[in-house]
Amino acid sequence: MDELIAEGPVSVPKRVETVLQEANRLMAYATASVAELDTWGEYSADGAPNAKAWVATTGHLPNGEAGRMVKRGRAKNQIPRCWEAWRNGEITSAHFDVILKLRNPRTEDALDRDEEMLLDQARKLRFEHFVKSAACWEQMADPDGTEEAAEEKRNRRDAYLVPTLDGMYFGRMTLDPISGTILFNELDRLERALFEEEWEEAKMRLGFEPTVNDLSRTPGQRRVDAWVEMATRSRTAPEHGRRPDPLFSVLIDFPTLCGRTCELAQGIAITPGSLVPWLDRADFERAIFEPPDRVQVSETDRFFTGATRRGLELRDRQCTHPYCDRPAAICEADHIQPYSEGGLTIQENGRVLCGYHNRLRNQRPPLRE
């Protein structure tokens with residue numbers, strides 16, 4: 001370690017990748033050492049009541065992280081292939097935690113069978129995609145348990161908004177995935193509208209293209225104003241005004257999981273039971289995945305609009321550049337073979353790219369793909 005640090009930081013991607021893998025191996029070794037300390041109780045020689053207290057004090061770690069190290073050490077024999085992958089630097093402690101959380105008396109047989117498949121997903125996918133894959137696996141392995149967990153999650157929803165002594169208001173909220181999506185989408189829409197109005201006002205006032213520093217409100221202030229606008233519109237809405245109607249996507253023959261998957265249009269995986277209260281007031285779409293990568297939708301169009309674009313969004317989920325995670329809904333639909341060179345406007349020749357990577361593709365030298 002001294003020799004490595006003496007060399008100074010590295011910038012070559014392959015060497016940085018190696019350093020990250022070695023850091024994972026070192027953390028696994030530290031966890032194994034904590035497990036030995038916990039097993040033999042040698043922490044008591046320093047007067048510590050348990051291994052967690054010793055690690056938190058000696059390692060100057062938060063209690064939560066010290067507790068997670070002890071928990072991982074105790075569980076390393078429950079998911080041995082994951083532990084071995086972590087020791088080899090192939091996965092991180094976060095991956096280990098996700099797979100460990102999947103294990104319970106109802107899923108242990110299925111997990112023993114599918115542990116290597118989940119590990120393969122952990123090695124290949126971005127972490128947030130791996131978490132979604134693990135959640136979908138859990139739905140298959142323990143449908144009753146995941147429905148109970150979804151109901152418990154919904155029951156944890158909570159919010160408060162109270163006035164303070166100086167007349168300000170202080171609040172906090174915890175929302176389940178569906179309620180949170182409804183609220184977030186409308187808040188985001190109003191905030192964007194306020195930003196565009198403020199940008200145009202600044203442009204007219206200054207006589208040139210403004211920057212964010214020229215705007216009169218901070219993002220936080222604009223977000224609060226969007227909340228107030230929501231409340232105002234709710235108060236003044238017509239009696240028969242349209243209520244929020246989230247869009248649910250039901251994916252059939254999802255290639256990774258070989259089964260049905262239910263999620264919100266934003267890509268948040270939810271249980272089928274969560275759909276039931278919304279059957280009479282939400283929008284649903286069905287997408288059938290066919291090999292190799294085509295998504296059949298209910299209608300087609302010459303351009304990447306309407307159902308054709310939605311098919312690309314459902315298939316790609318986000319910007320297809322490997323170093324980007326912008327959601328597909330705010331990306332641009334792009335021809336793989338350019339339209340000017342005879343490329344067809346069909347799903348097999350389409351992909352979603354964020355504005356930055358779509359522009360980067362047309363620069364010289366061209367984007368490395």
Side-chain angles (χ1 to χ4, degrees), residues 121 124-140 146 150 177-178 180-182 184-185 188-189 244-276 278-279 281-337 339 343-358 361 369:
Q121 297 290 309
K124 293 179 179 179
L125 299 178
R126 288 175 65 101
F127 182 74
E128 60 269 25
H129 297 167
F130 165 68
V131 170
K132 184 190 295 187
S133 177
C136 293
W137 179 90
E138 188 177 21
Q139 284 193 30
M140 298 295 185
T146 53
I178 298 175
T181 297
I182 291 173
F184 176 85
N185 284 350
D188 184 65
R189 185 183 71 84
D245 49 354
L247 173 61
F248 294 92
S249 302
V250 180
L251 311 181
I252 301 172
D253 292 330
F254 191 71
T256 301
L257 304 171
C258 298
R260 91 290 180 268
T261 301
C262 298
E263 62 184 39
L264 294 170
Q266 290 72 20
I268 302 174
I270 59 175
T271 65
S274 300
L275 303 179
V276 175
W278 297 91
L279 290 176
R281 49 188 168 138
D283 294 330
F284 289 81
E285 63 182 0
R286 182 183 66 171
I288 303 175
F289 283 79
E290 294 185 337
D293 62 349
R294 181 174 177 81
V295 185
Q296 286 189 348
V297 288
S298 58
E299 60 187 71
T300 59
D301 192 71
R302 183 174 181 274
F303 303 100
F304 291 129
T305 58
T308 306
R309 177 185 167 88
R310 183 60 183 149
L312 295 178
E313 292 176 357
L314 283 169
R315 185 195 65 194
D316 294 342
R317 323 317 297 278
Q318 64 179 36
C319 175
T320 52
H321 191 277
Y323 291 97
C324 186
D325 59 357
R326 298 285 288 174
I330 60 175
C331 288
E332 300 169 2
D334 176 58
H335 290 79
I336 298 174
Q337 180 183 359
Y339 184 79
L344 299 177
T345 310
I346 57 177
Q347 291 176 29
E348 290 84 348
N349 192 44
R351 62 183 172 187
V352 295
L353 286 171
C354 70
Y356 172 80
H357 285 115
N358 200 11
R361 181 191 182 217
E369 298 181 340

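We use all heavy atoms of the structure for the numbers below, so side chains are in, but hydrogens, waters and symmetry mates are not.
When all heavy atoms of C319 and C354 are compared, the pair lying nearest together is SG-N, 3.3 Å. Summarising the geometry of A329 relative to E313, their closest heavy-atom pair is CA-OE2, 4.0 Å, with the distance given to 0.1 Å. Here the closest non-hydrogen pair linking L312 and A333 is CD1-CB, 4.1 Å.
Ring geometry, H335 versus F304: the interplanar angle falls from 30° to 60°, so the pair is classed tilted.
To the nearest 0.5 angstrom, H357 atom NE2 is 9.5 Å from T320 atom OG1. Between the CD atom in Q139 and the OG1 atom in T271 there is a gap of 6.0 Å [rounded to 0.5 Å]. To the nearest 0.5 Å, atom CZ of residue R309 and atom OG1 of residue T345 are 13.5 Å apart. The line from CD of E332 to OH of Y356 is 13.5 Å long, rounded to the nearest 0.5 Å. Distance check: L125 CG to S133 OG gives 6.0 Å after rounding to the nearest 0.5 Å.
Between H129 and the choices Q121, Q318, K124, the side chain to side chain donor-acceptor pair (under 3.5 Å) rule is met once, by Q318.
D316 contributes a side-chain N or O that, together with a main-chain N or O of V352, makes up a donor-acceptor pair within less than 3.5 Å. With hydrogens and angles ignored, the 3.5 Å screen pairs no side-chain donor or acceptor of Q337 with any backbone N or O of L344. With hydrogens and angles disregarded, a donor-acceptor distance shorter than 3.5 Å links the side chain of R315 to the backbone of Q347.
Under a 4.0 Å N-O distance rule, the pair E128/K132 does not qualify as a salt bridge.
Within 6.0 Å of CZ on F127 lie more than 12 heavy atoms contributed by other residues, nucleotides or ligands.
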